[in-house]
Structure formats: C-alpha cells, structure tokens
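Here's the structure we're looking at; comments come further down.
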Amino acid sequence: MILYIPQTPIPFSSILQGGYQHPLSRSWQGRRQLTKSMFMYPIFITDDPDASVVISSLPGQRRWGVNQLESFLGPLVKKGLKSVILFGVPLNCEKDGRGTPADDPSGPVIQAIKQIRFLFPTLYIACDVCLCEYTSHGHCGLLHDDGTINTKPSVLRLAEVSVNYAKAGAHCVAPSDMMDGRIKAIKQALIDADLASKCTLMSYSAKFASALYGPFRDAAGSAPSFGDRKCYQLPPTAKGLARRAIQRDTAEGADIIMVKPALPYLDIIQDAAQLAPDHPLACYQVSGEFAMVHAGAAAGVYDLKTMAFETTESMVRAGATLILSYFTPDFLDWLEV
C-alpha cells in the first residue's frame, strides 16, 4: 500500500467537512432547529360568517368566516398547529375615521377569538392591532384635517382596541401600526384593565415601508385611499431607526419584539437579537416573500420545499425564535416536531 504524505501538512483547523459528513451531524451545526411551535399562522377573518374566499395573490390562502373555522383549523391543530394571528377583513360594515369596527363585539376578530377559544382551547391566539382595515381612509391611525397622522388619539384608540381584544380572550395583542408611543399606552391600558399579566404584548417594532406587502393588502383590503405609509413605517435603509425603535419598545413594555419583513432584513433580526437578548424575537415572512418563493418554484427556478426551508432557517440563524408565515400549514407536514 502506498500512502500519500503531503509535502505541506494540512492544518487541523482546515478540516471542516468531517463535522458535517452525516445528516445528523449536519443538523447539529445549527444553534437552533425549526420546530412546529416556532410557526404562527396568519389568517384572514371576514365578516361573512360562511366565507371561504380564495386570495389569488396568496397561493393556498383564503379569507375565512367564523363558521368555517372548525373545519379549517381542526386538521391543522391535529398536525401540531400551536398559534395563529388574526387579521380582520370587514367587507360589510360602515368604516369611519377612527376605525370603529375594529373592536365591534359582533365583528370578525372578536367573534373569531371567542369561537377559537371554544373550539380549540389550547390554540394560542394573537390579534393584529391596527386601524387600516377599519378606517374610511385606510391609514393606520387617526388623521388631522390636513391628512397627516394625529398621533395622540391614534395611540389611545389602539390601546382601546387592544384591551377589547384581550377582554374577548386573545392571548396576545400585536400592534402593527407603527405609531410613536403606542406600546407604552397599550401596556398601561392592559395594566389598568388588570390584563397585563394575562395578555402578551408583541410589538411590530421594526416594520419597514416595504414593497412586499402587496398580496396582504389585496387580502385585507387595507391599502390607503391616498398617499402612503412612509411617514410612520421605517425607511428600508434606516438601520439606526430600527435599532432605536427596538430599544424604545422593549423599554415601553413589549413582551415580544418583531421585525417585518424578514428575509431582506436579516441584519435587523440579528441586531434585535443583540439589543433585546432576553426577549423572544419574532419575524414576519410577509405575503410578498411567500408569493416570491411560490413564483420561483412555479417557474422551475428551485424546489418549493427546499427554498421554504432555506428562507426560514436563515431567519432562525439570524436570531428569530418565532416566525409568522403563510407556510405554516406546509411546515406542519414537513417537520416531525
């Protein structure tokens, strides 16, 4: 036998492949692994109780009425679904300048909370808190006469809606509006209502003014009737603002920090993990990200499952501990635990 002895020995530190040559040892290279409990499923609830309406721009997603929730969610719960986040889609109500339908006791969100609590007592229910779906102008807060955001009454209204969702049985309220000071106001309102220890406050802390929200706005009917949301959502280049917003919201009482969108902002997720190391860190794989992965797979660019894993695992690698994703039903099938 002839042994090959290299003239220049390879340094021990150069040999890496031995550590990931087996499927199991490859899995050990990640600090955290994806699990079913890490996924929160965003669902759209409309005010037609029997609705099951396909959302053409979001593959496989629908608007649901409360009477459809048992047949829709039941199989997913059996597969291991642990949490949902509810988005109201009112189509048959009269909208106004203050978003009055947002916490209507007979509206879709509060009715859905009660129905899910009854049908699936162990399912964790988060509720998106925003006014854009419920205002006549489609903006996320109340407005001055000149059309600019009127912050103080906006924050008070958001706090009111949050408390009413919590009273209805929501386990978590998640303000996505990006109004200054709303986390502090909501936390204080929950304290005053004796609900702060019973309801989690998840803040969309670093929510960017992204082009990736288009399918969501189709689904929720939440596009503004004029202007845009760039004066309150963060500029895509604003790393410093995002860091300040994360620090502000942790100081104001947020229990969970969120970054939205996810894939273009992995650096912000990593920053959030460093700035708020003692908080759970969520990220939202938004509608446009989901649609892009589907579009690429449909075009034959890559395999859908492979890319779904690659994108979500990158979020976990950056520091996320919770992922809001429309891929949640798929991952219930793909993951063992």
Side-chain angles (χ1 to χ4, degrees), residues 35-45 64 66 69-70 72-74 76-89 102-131 133 158-177 182-205 207 220 249-250 252-260 276 278-285 320-326 328-329 331-332:
T35 64
K36 294 181 180 183
S37 64
M38 293 175 69
F39 286 90
M40 179 177 282
Y41 190 21
I43 59 176
F44 300 95
I45 309 295
W64 298 98
V66 292
L69 291 176
E70 184 171 14
F72 164 46
L73 292 175
L76 299 178
V77 171
K78 288 181 180 179
K79 291 179 181 180
L81 179 68
K82 301 298 184 184
S83 64
V84 295
I85 182 167
L86 307 181
F87 294 88
V89 187
D103 51 355
D104 181 352
S106 61
V109 174
I110 288 180
Q111 287 297 304
I113 294 169
K114 294 179 178 180
Q115 184 80 332
I116 294 171
R117 288 293 296 256
F118 174 74
L119 292 170
F120 309 106
T122 62
L123 188 61
Y124 187 92
I125 306 167
C127 292
D128 180 81
V129 179
C130 198
L131 302 179
E133 302 103 317
L158 291 160
E160 181 181 30
V161 172
S162 298
V163 167
N164 286 329
Y165 288 168
K167 285 181 177 178
H171 300 102
C172 173
V173 290
S176 61
D177 55 283
R182 91 273 202 216
I183 299 303
K184 180 179 180 180
I186 292 170
K187 194 71 166 187
Q188 187 62 58
L190 290 171
I191 291 170
D192 294 344
D194 197 26
L195 291 167
S197 297
K198 301 175 182 179
C199 184
T200 300
L201 178 51
M202 177 166 65
S203 174
Y204 290 67
S205 296
K207 179 179 177 180
D249 289 358
T250 56
E252 290 187 1
D255 298 303
I256 301 174
I257 298 300
M258 190 197 302
V259 176
K260 176 184 177 182
D278 300 322
H279 285 64
L281 175 54
C283 65
Y284 198 148
Q285 186 179 41
T321 58
L322 171 63
I323 301 172
L324 285 67
S325 176
Y326 303 97
T328 297
F331 277 103
L332 296 178

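In this text, all values refer to a predicted model and were calculated from it rather than measured experimentally.
The distance from atom CG of L81 to atom CE of M40, rounded to the nearest 0.5 Å, is 9.5 Å. Note that NZ of K260 is 12.5 Å distant from OG of S205, once rounded to the nearest 0.5 Å. Taking SG of C127 as the reference point, atom CD1 of I110 lies at 8.5 Å (rounded to 0.5 Å). Note: I323 CD1 to Y41 OH = 15.5 Å, rounded to the nearest 0.5 Å. Distance check, rounded to the nearest 0.5 Å: NZ of K82 to OG1 of T35 gives 9.5 Å. To the nearest 0.5 Å, atom CG of residue L322 and atom CE of residue M38 are 8.0 Å apart.
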Query - E133 and D128: CA distance, side-chain angles, deciding distance, side-chain contact (heavy atoms from CB on, under 4.5 Å) verdict - result: CA-CA 11 Å; E133 302 103 317; D128 180 81; 4.0 Å; yes
Report task. Walk me through it: do I256 and H279 pass the test side-chain contact (heavy atoms from CB on, under 4.5 Å)? Result -> CA-CA 6 Å; I256 301 174; H279 285 64; over 6 Å; no
Report task. Assess whether side-chain contact (heavy atoms from CB on, under 4.5 Å) is satisfied between K207 and S176, documenting all intermediate values. Result -> CA-CA 8 Å; K207 179 179 177 180; S176 61; 3.8 Å; yes
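S325 and Y284 share no side-chain donor-acceptor pair at under 3.5 Å.
Between I257 and A276 the shortest heavy-atom distance is CG1-CB, 4.4 Å. Considering every non-hydrogen atom in both V66 and P108, the closest pair reads CG1-O, 4.1 Å. Across every non-hydrogen atom of A282 and L324, the tightest pair is CB-CD1, 4.2 Å. Considering every non-hydrogen atom in both I183 and A254, the closest pair reads CG2-N, 3.7 Å.
For the pair V109/I45, no side-chain contact is recorded, criterion being any heavy-atom separation below 4.5 Å from C-beta on. Using a 4.5 Å heavy-atom cutoff, the side chains of V77 and L123 are in contact. Side chains of L73 and I116 form a contact here, defined as non-hydrogen atoms less than 4.5 Å apart. With a 4.5 Å cut-off on side-chain heavy atoms, I43 and F87 do not count as touching. Side chains of I113 and L86 form a contact here, defined as non-hydrogen atoms less than 4.5 Å apart.
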Side chains of residues 161-175: which donor-acceptor partners sit under 3.5 Å, not counting sequence neighbours?
unit_1, atom_1, unit_2, atom_2, d
S162, OG, L158, O, 2.9
N164, ND2, D103, OD2, 2.8
N164, ND2, E160, O, 3.3
Y165, OH, A102, O, 2.8
H171, ND1, I125, N, 2.9
H171, NE2, R117, NH1, 3.4

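Listed by chain and residue number, I191, L201, D255 satisfy the side-chain contact (heavy atoms from CB on, under 4.5 Å) test with K187 (two or more places apart in sequence, or in another chain). For K36, the side-chain contact (heavy atoms from CB on, under 4.5 Å) test picks out L332, L335, with sequence neighbours left out. Applying the salt bridge (charged side-chain N to carboxylate O under 4.0 Å, His left out) test to D177 and every residue at least two apart in sequence or in another chain returns R182. Partners of K79 by salt bridge (charged side-chain N to carboxylate O under 4.0 Å, His left out), not counting sequence neighbours, listed by chain and number: D333. For F118, there are no side-chain contact (heavy atoms from CB on, under 4.5 Å) partners, not counting sequence neighbours.
Formation of a donor-acceptor pair under 3.5 Å by the Q111 side chain with backbone atoms of P105 is found in this model.
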